[in-house]
Each structure stands twice: as C-alpha cells, then as structure tokens.
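Chain letters run A, B, ... following the sequence lines, proteins first and then strands; every chain starts at 1.
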Amino acid sequence: MSIADLIQTPDLVATAQQSAAWPFEEARKLVERVKRTGQKSVLFETGYGPSGLPHIGTFGEVARTTMVRNAFRILTEDKIPTRLLCFSDDMDGMRKVPDNVPNRDLLAEHLHRPLTRVPDPFGEFESFGHHNNAMLRRFLDTFGFEYEFASATDYYSSGKFDEILCRMAERYQAVMDIMLPTLGEERRSTYSCFLPISPTTGRVLYVPMKQVDGKNHTVTFADEDGSDVTLPVTGGHVKLQWKPDFGARWAALGVDFEMYGKDHQPNTVVYDSICNALGGVAPEHFVYELFLDDKGQKISKSKGNGITIDEWLKYASPESLALFMYSKPREAKKLYFDVIPRQVDDYLTFLEKFPGQIVKEQLGNPVFHIHGGQPPKVESISDAENHSTTVTFAMLLNLVAVANSEDSQVLWGFIRRYSSTVSAENHPGLAKMVGYAIAYYRDFVRPTKVYRAPTEQEQAALADLAKALAEHAGSTDGNALQAVVYEVGRAHFPDLSGKTKSPDGRPGVSQTWFATIYQVLLGADRGPRFGSFAALYGVNETCALIRKGLDGTLLSEHQQFLDSRA
RNA sequence: GAGCGCGUAGCUCAGCCGGUAGAGCAAUUGACUUUUAAUCAAUAGGUCCUGGGUUCGAGUCCCAGCGCGCUCACCA
C-alpha cells in the first residue's frame with residue numbers, strides 16, 4: 001500500500017506526532033488507547049441507517065473516519081492492523097414508507113417489519129434493506145473507500161451477537177438502570193432494551209418485557225394478538241433498542257473509534273456506560289457538527305433539505321466534497337450549492353501548493369488527508385511563453401457565462417486561445433471541470449440572466465451589425481470582427497465626450513453600444529470582447545443571435561426557460 | 001437552561017509551537033493599440049468583540065463578560 005512508501009519519507013512520522021491537523025489529533029488518542037490496552041489491532045466503525053438512500057452525511061462519516069485511520073497508520077508506522085467496518089442497521093423496522101420509491105402501496109403493508117424483510121420496491125434485490133445496502137456499497141465503492149460491510153440482520157441471525165445478547169439478558173437490570181433515568185415518565189413504564197420480532201406479524205415490537213430470563217436467555221412479552229410469547233434473545237429473534245444497540249455493538253465487536261454528529265453527543269455517556277456494563281471498553285469518539293441548509297437549518301434525511309451527494313457530484317468532483325468534509329468538522333457549516341465553487345478552487349489551490357511545502361505543512365494540507373498522504377499533481381496549462389496557470393472553477397464559470405454557450409467545444413475554443421495544446425485527452429481533470437461548469441451555469445447562473453428588448457435606435461444599430469457581420473461569414477479573425485463592431489457602433493453610438501478615440505484618431509464609441517450588445521444578446525451587463533466571441537461562436541451563429549435579439553425570441557426563450565424551472 | 005462552536009478588511013475566510021496583521025473576491029488606478037473570460041502592476045481598506053491576567057512580547061495562552069450559531073421530546 002501507499003502508506004508503506006509514505007512512512008519512509010524522512011521526518012514524516014516524527015513530524016506527524018506533532019501535527020495539529022485534526023485527523024492526527026484524533027489518531028493520537030487511539031495511539032494512547034493502544035498503549036493503554038496493549039491491543040494488537042484497531043477497529044473503526046461507521047453506522048448507517050438504511051431507511052433511505054445514502055446521504056451526504058454518510059459520505060462525510062466514512063471520508064472523515066478514513067482520514068483518521070490513515071493518520072493512525074502513519075503514526076504507528078502501519079504496525080497495528082486496522083479495519084473499517086461500515087455497519088448497516090438493516091434490521092431496523094420500517095417506520096414509514098419513503099416518498100421517493102415506486103410501489104409504495106406494496107410497502108405499506110410491511111410497515112414496522114425489519115427492512116431486510118420488506119420487499120424491494122425496485123424489484124431488484126432480496127429486500128428493501130438489501131437494496132439500500134447495495135446502494136450504500138456502490139456509493140462507497142465509487143469513492144474507492146477501503147471498508148468492510150456489515151449487516152445487522154446478518155450479525156443478529158448468524159449468532160455473531162449471541163454472546164452479547166445473552167450478557168444483556170444477564171445484566172438486564174444494570175442496563176435498565178442506565179437507561180431509565182434518561183427517559184420521560186411515560187416512556188419509562190413501557191421501555192425495554194429488547195425489541196422482539198413478532199412471530200405472528202413479523203414486526204419489530206416496542207412492548208414492555210413481562211420477564212427477562214437471565215439464565216435461559218429468553219424474554220417474555222405480549223405479542224400483537226395478545227398472547228404471551230417467550231423467545232430466545234439469540235439468533236435474530238430479538239433485536240436491541242437504539243441506545244443499548246450502540247453500546248452492545250461496541251462491546252461485541254470491540255470497536256475502538258466511532259464518530260457521529262452532534263445530535264448524538266448527549267447520549268455518549270449512555271452508550272459508553274452500556275458498553276462498559278456489558279464488559280466492553282467504550283471506543284474513542286469524535287463529535288462533528290451538523291450541516292446546515294441554505295436557511296441555516298440542520299440537514300436531515302427526513303426533511304430532505306440541503307443538498308444530496310448526487311447533486312454535488314453533478315457540479316463538482318468528489319475531491320471537492322472531501323475537502324468540505326475535511327475542513328472544520330466541528331463547525332456548523334452551510335452545505336449548499338453556493339459553497340461548491342469555492343471548495344473546488346480551494347482544493348486546486350491546496351493541490352498546487354503541496355509539492356512545494358515542507359513536510360510539516362504538507363501534513364496540515366487538506367489534500368494530504370483527502371488522498372491518503374499521496375495527492376496527485378495538479379493539472380495546469382501553459383501559454384505560448386510557457387507561463388503556467390491552473391484553470392479555476394471560477395474562471396470556467398465566468399467563461400461559460402460570457403461565452404453564452406453550453407457547448408463544451410466553444411469553451412475549449414476559448415481555453416485554447418490561451419494554450420493551444422490543451423485537450424480533454426491530456427487534461428482529463430480540466431475536461432471534467434468544463435462539464436461541471438456548464439452544469440452549474442445552466443442551473444444557477446443562467447436563471448439570473450435578464451434579457452431586454454432593444455430600443456428603436458438600438459434595433460437599427462443591431463440590424464446594421466448583423467448585416468455588416470454577414471459580409472464576414474466564415475471569418476475567425478477576432479480583430480477584424482471587432483473592427484466591424486466598432487465601425488457600426490461609431491455610426492449609431494458615437495462617443496461625443498472625446499475621451500475615446502480610434503487608432504486613426506476618429507471619435508470612439510460610446511459605452512452604451514457595448515452595454516446594448518450584452519444586455520440584449522447575452523442577458524448580462526458585461527461580456528466578452530465581442531469580436532473574439534463572434535469568431536469562436538461563429539459569424540453566422542452570431543448573426544442569428546442578433547436576429548433573435550431583434551425579434552424578441554431571446555426574451556421569450558429565456559422566459560420559457562424560467563417557466564420550465566418553476 | 002446545559003453542551004459544543006464561532007467573533008480578524010466591505011464580503012468569505014486563513015493565521016500552524018506566542019515574535020512587525022494575510023489571502024481570495026469586491027473597490028480604486030494603471031499596462032495590454034478604443035470594452036473588458038482568463039493576465040500583470042499598483043493603491044486603499046483592520047481598536048483582530050470587550051475587559052482583565054501571564055509574558056520582554058498576545059489575533060494566538062488563561063479568566064470573566066458581551067454577541068451570534070447549532071444541538072439537546074420521540075425516532076435513529
């Protein structure tokens with residue numbers, strides 16, 4: 001693995017011991033833990049509730065946990081084996097039918113059954129739980145995370161949890177003593193750590209226990225038909241309530257590290273106490289802040305607010321999302337579309353800086369953690385004089401807007417003006433970014449455009465412009481075309497202030513002329529040098545654009561576009 | 001109320017182990033053969049929330065206060 005090479009880097013391991021980057025700080029806690037317990041391996045866990053599709057928080061947890069794991073491997077020179085377990089609580093009962101799935105009627109009759117016993121509404125997998133698990137895995141694999149998948153249903157029914165379940169029955173009172181004080185009066189009377197699966201209806205039952213037999217490891221309760229039923233706690237007949245489930249899982253698997261959102265924070269003591277009560281050693285924790293939507297509200301799966309992973313990946317790379325997850329995990333950050341361009345460009349900046357940094361700085365550079373210590377080289381382009389530039393997202397967005405084109409070829413045309421040898425083949429990262437910029441433009445920039453109809457005077461000028469340009473059909477000479485723009489402008493919008501002059505000393509052209517062109521034709525106050533634009537966009541196409549501006553087509557098309565989004 | 005976090009330029013933020021306050025955008029001026037995607041140069045802009053303390057020295061560490069944000073029923 002790459003970590004093996006990495007730790008050979010002089011001073012890297014020693015410097016890492018001092019690094020203030022948060023993954024190293026968290027990893028140091030684990031190093032201490034290993035020293036304390038003498039354990040020979042370390043287990044990282046992330047939890048996943050499969051009642052819906054994987055969301056952006058799931059990505060954050062796995063990405064951040066991986067960063068800590070890598071930091072730990074460096075600190076320990078990879079001498080302590082590590083594993084990352086992604087645990088899916090797929091035995092959880094389905095509380096409500098999700099809005100975003102087909103065949104909802106079919107699902108309705110399976111409410112409260114374990115997700116792995118609810119049919120897959122997509123008809124592709126053994127169950128809804130299996131379907132969602134598969135989505136999670138596909139998603140994690142897309143990002144190349146190294147992890148092991150674990151299914152709660154599998155762990156419960158195969159007996160992997162039997163030992164801890166028996167211990168829970170034996171120490172039932174101790175666990176209840178931890179739980180009860182945390183509950184409200186009403187809930188206290190019916191609460192149980194065990195949730196039996198009804199043998200008659202197959203539902204997960206939230207019912208009081210009539211008896212918990214610590215010797216025979218059984219529970220007795222009233223089933224849904226009213227009759228008393230006794231079930232063994234083992235073998236998947238019974239699952240655990242949420243908080244006991246956390247503590248029990250940690251104890252059973254020997255989890256050493258698990259992070260979770262701040263909403264869990266008050267429960268940490270409860271989880272840990274239960275884990276200890278069952279003979280386990282509570283793991284190290286890291287509490288991260290929740291994400292906020294555009295209105296400052298916390299993002300939650302149930303509300304469906306904020307932004308999804310798919311949406312982010314429509315406009316930017318996974319790496320930019322990883323950067324967002326790396327930065328300030330303890331701050332409530334807005335996670336919305338408008339943060340995307342900044343993340344992309346910051347990522348590029350960090351990548352660019354990395355090679356020139358000393359080890360200590362590299363360890364604090366986000367790209368170190370995003371790429372497991374080995375970030376790739378940044379793609380840059382060079383002009384004719386060999387000046388190197390990194391094309392930023394902001395630059396591309398600007399470019400798409402002024403080019404007024406969602407055609408990537410037109411954009412490449414502009415880019416090649418700077419560097420003639422650049423292509424999608426030799427700059428795949430840039431090629432992707434061009435696609436992202438077009439998508440971002442279409443969805444966020446284009447809607448803000450405002451076209452207006454030309455005045456009578458402007459109509460005459462624009463008509464003349466189209467006529468004059470038509471004589472240059474086929475030309476790609478930006479300067480010649482720009483001269484045409486000036487010539488027509490001089491006739492209709494001369495600058496009488498005397499401030500501007502043409503090269504041959506004649507009066508210049510009023511600002512109004514250029515404002516007219518941009519406002520009427522591009523729906524913006526500013527734009528590209530029009531001659532260059534026409535050269536790349538095509539003279540005939542430009543003439544057509546002018547005609548559409550004159551007859552009101554641009555106005556109505558934009559209105560249609562806006563209506564189609566409403 | 002409790003817990004966590006934040007308060008630095010007009011905006012968004014960086015400032016690692018305490019050592020002369022930084023970046024990007026925005027603004028202003030200029031270069032590039034009149035207007036300009038991308039370039040470059042320059043200028044301007046800050047009581048680092050307040051008050052104490054430690055120190056030769058505090059944006060940075062400690063204490064107190066003020067302001068702001070989020071989380072804290074149930075469910076996971």
Side-chain angles (χ1 to χ4, degrees), chain A residues 15 18-21 24 47-52 89 92-93 95-96 182-184 186-187 206 241-243 245-246 260-269 287-292 296-302 327-334 338-339 341-342 345-346 349-350 357-358 360-361 363-365 381 383 385 387 389-392 394-404 410-411 413-415 417-419 437 479 482-483 485-486 489-490 495 499-515 517-518 524-533 536:
Chain A
T15 310
Q18 312 293 325
S19 176
F24 284 116
Y48 168 62
S51 48
D89 188 11
D92 196 27
R95 290 198 178 68
K96 63 168 219 178
T182 70
L183 300 168
E186 212 169 307
R187 188 85 182 83
Y206 288 75
Q241 252 288 13
W242 153 44
K243 290 175 193 175
D245 195 45
F246 259 77
Y260 39 74
K262 193 164 73 168
D263 47 348
H264 279 271
Q265 193 171 21
N267 305 320
T268 303
V269 181
V287 175
Y288 58 84
E289 255 291 0
L290 303 173
F291 301 122
L292 310 178
Q297 300 295 304
K298 88 162 182 175
I299 286 181
S300 71
K301 266 189 293 184
S302 51
S327 309
K328 299 201 177 193
R330 289 197 207 264
E331 250 181 65
K333 295 190 294 179
K334 186 172 71 164
D338 44 11
V339 308
R342 170 96 192 252
D345 285 344
D346 281 357
T349 305
F350 285 126
Q357 289 181 318
I358 59 171
K360 184 182 154 191
E361 290 167 343
L363 295 179
N365 187 329
I381 64 175
D383 68 8
E385 287 154 28
H387 292 129
T389 303
T390 303
V391 180
T392 65
M395 211 184 269
L396 283 177
L397 280 178
N398 215 343
L399 179 51
V400 184
V402 300
N404 196 47
V410 174
L411 297 184
F414 277 93
I415 295 167
R417 283 175 61 195
Y418 181 85
S419 179
N479 286 332
Q482 181 73 2
V485 177
Y486 285 126
R490 218 185 318 277
D495 174 29
K499 274 188 196 162
T500 55
K501 279 182 180 158
S502 71
D504 55 18
R506 290 181 297 162
V509 176
S510 164
Q511 305 277 340
T512 317
W513 174 228
F514 294 98
I517 291 177
Y518 300 129
D525 291 332
R526 319 176 86 198
R529 187 180 170 90
F530 201 74
S532 313
F533 169 77
L536 285 159

Per-nucleotide protein contact string for nucleotides 8-14 of chain B, where B marks a base within reach and S marks sugar-phosphate only (heavy atoms under 4.0 Å, - for neither): ----BSS
Counterpart base for B/rU39, defined by Watson-Crick or G-U wobble contacts under 3.5 Å: B/rA31
Main-chain N/O of A/G49 paired with A/D89 side-chain donor or acceptor, under 3.5 Å: no
Touch class at under 4.0 angstrom, heavy-atom based, for A/Y288 against every strand present: nothing
A/N267 side chain near A/K243 side chain, heavy-atom distance below 4.5 Å: yes
Touch class at under 4.0 angstrom, heavy-atom based, for A/Q241 against every strand present: sugar-phosphate
Length of the NZ-P vector between A/K262 and B/rG3, whole Å: 13 Å
Sequence-distant partners of A/K328, side-chain contact (heavy atoms from CB on, under 4.5 Å), two or more places apart: A/E331, A/K333
Whole-Å distance separating the OH atom of A/Y206 from the C1' atom of B/rC74: 11 Å
Residues that A/A332 engages under side-chain contact (heavy atoms from CB on, under 4.5 Å), provided they are two or more places apart: A/E289, A/L292
Proximity to the side chain of A/L292 - top-ranked nucleotide from B/rC4, B/rG69, B/rA76: B/rG69
Candidates B/rU35, B/rA76, B/rC70 - which lies nearest the side chain of A/Q482: B/rU35
Distance, rounded to the nearest Å, where A/F24 contributes CZ and B/rC17 contributes P: 15 Å
Proximal nucleotide (of B/rA76, B/rG3, B/rG69) relative to the A/H264 side chain: B/rA76
Selected nucleotide, minimal atom distance to A/R330 side chain, candidates B/rG5, B/rU71, B/rA76: B/rG5
For B/rC68, the Watson-Crick or wobble counterpart (both distances under 3.5 Å): B/rG5
